[in-house]
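Read the structure below first, then the notes.
Every chain is numbered from 1 and lettered A, B, ... according to where its sequence line falls, protein lines coming before strand lines. Heavy-atom basis, side chains included; hydrogens, waters and symmetry copies ignored. Note that the structure is a prediction, hence the values are computed from the model and not measured.
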Protein chains: 2
Amino acid sequence: MKYKTRKEEIIQTSTILFKQRGFSAVTMRDIAKAMGIKAASLYNHINSKQEILSDIIISLAEQFTQQMKVIKNSNENNIDKLKQIVALHVDITSNNPYGMASLNNDWMHLENELEYYLKLRKDYENDFRIIIEKGIEDSELVKGNSEVMIFSMLSTLRSLYIWLPKKEDLDIQKFTNELSLVLINGINK
Amino acid sequence: MKYKTRKEEIIQTSTILFKQRGFSAVTMRDIAKAMGIKAASLYNHINSKQEILSDIIISLAEQFTQQMKVIKNSNENNIDKLKQIVALHVDITSNNPYGMASLNNDWMHLENELEYYLKLRKDYENDFRIIIEKGIEDSELVKGNSEVMIFSMLSTLRSLYIWLPKKEDLDIQKFTNELSLVLINGINK
DNA sequence: ATATTTAACTAACACTTGTTAGTTTCATTG
DNA sequence: CAATGAAACTAACAAGTGTTAGTTAAATAT
């Protein structure tokens, strides 16, 4: 048995379709067809299309925000904290390569949970900012535009979902190190 | 007169809505309402919803691919070529902050032009790869994983559309330099 | 064996979708 | 002034949307 519950199976199937075409372009009939059943049967297991989306997004967002707090509050230096953020993104993304697409592209279609999602994201980004700015303050990072640094790192980390699934049998540990190196030390010789 | 033709006005209006909600979630009635007319009236100026999307995406994709070719074939060193790629992205994105959202998120909804778009993108990425690999070969860049370098730079550049519109009265020249610095030299002291 | 639960089904709903046809309004042109 | 053309309109279409109601068949529990 691959899935614990039928609901999980529906969510997993939806996640794949949402990544390919986006939440709005996927119909309940599409999801049902992919599972070999009729659309109405889905409602024996889930309450609405909206519920599928928020189940996908909120659980991921909570992981990020919670883990980020742990990293921020640890007592390592700021460079090592940044490396742990990279590892966090690689870890969550490689375990949920499809769901990350919804988190990135379809969060605005959340209804009841939209506000909660925005708060999670804001908390996450604030913690990120604090780490970068402390790193500059403590002379671990170059004295530059911290907003540009955050933007650059976060853009790359958020795009992992596009890239990771293309790499079969990737050495996660090695990749995390290579990515940290590029993000932190750049590519200039 | 802000727009040359009514068609341009429809495309501009659509572009803003597509960025907010995505192509599939925006209806012809939404577009019409935003312009203060009825949906059927749009068809005096455009042939289909699909045509709006491809008008937005293809023109942008052509700019990137064409300009990339110019950069690749110039006779500067590879670091300077990379700086020019950063400038190219900042330039096109700051002039089309909304359209870039469709290019990034809704290209898969292209129908007739999908194949053409994919070719443009592939050509662009190939030229990018060649510059990075020559940079390594010529010892301008560190000897690292070139794929990770391309992924990291391109992810950041592709995300500019999210970030640039938030910055009012931004000094484009200065920002381009700061971003180049972060992407090429990293953030480590 | 009987009762209950699980998970599928068919049929239908009210509404929304992109698009077409035909008409009207009105400024510009001959 | 009459004719033209641009750009709006109303009305409608066929297909597709998420979802509900009620039913059926098979597995599980009593």
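Taking a heavy-atom distance under 4.0 Å as the criterion, the stretch of DNA chain D touched by chain B extends 5' to 3' from dA7(D) to dA12(D).
Rounded to whole angstrom, the span from the CE atom of Met28(A) across to the P atom of dT16(C) amounts to 18 Å. Atom pair Lys49(B):NZ and dT19(C):P shows a separation of 8 Å (rounding to whole Å applied). For Leu17(B) and dG18(C), the CG to P distance is 12 Å, given to the nearest whole Å. Rounded to whole Å, the distance from NZ on Lys38(A) to C1' on dA7(C) is 15 Å. Between the CD1 atom of Ile52(B) and the C1' atom of dT19(C) there is a distance of 12 Å, given to the nearest Å. In this structure, Met35(A) atom CE and dA8(C) atom C1' are separated by 11 Å, rounded to whole Å.
For His89(A) and Tyr124(A), the gap between ring centers is short of 6.0 Å. Ring-centre distance between Trp163(B) and Phe175(B): below the 6.0 Å cut-off.
The environment of NZ in Lys33(B) is sparse: at most 12 heavy-atom neighbours from other residues, nucleotides or ligands sit within 6.0 Å. Heavy-atom contacts from other residues, nucleotides or ligands closer than 6.0 Å to NZ of Lys134(B) number 12 or fewer.
If Ala40(A) and Ser41(B) are placed on DNA chain D by their nearest nucleotide, the residue sitting closer to the 5' end is Ser41(B). Remark on DNA chain C: of its neighbouring residues Val26(B) and Leu42(A), the 5'-side contact belongs to Leu42(A), judged by nearest-heavy-atom nucleotide.
The side chain of Arg29(B) contributes no N or O atom lying less than 4.0 Å from OP1 or OP2 of dT19(C).
Closest non-hydrogen pair, Val86(A) versus Leu183(A), comes out as CG2-CD1, 4.0 Å.
Looking at heavy atoms from C-beta onward, Phe18(A) lies in side-chain contact with Ser102(A) at the 4.5 angstrom threshold.
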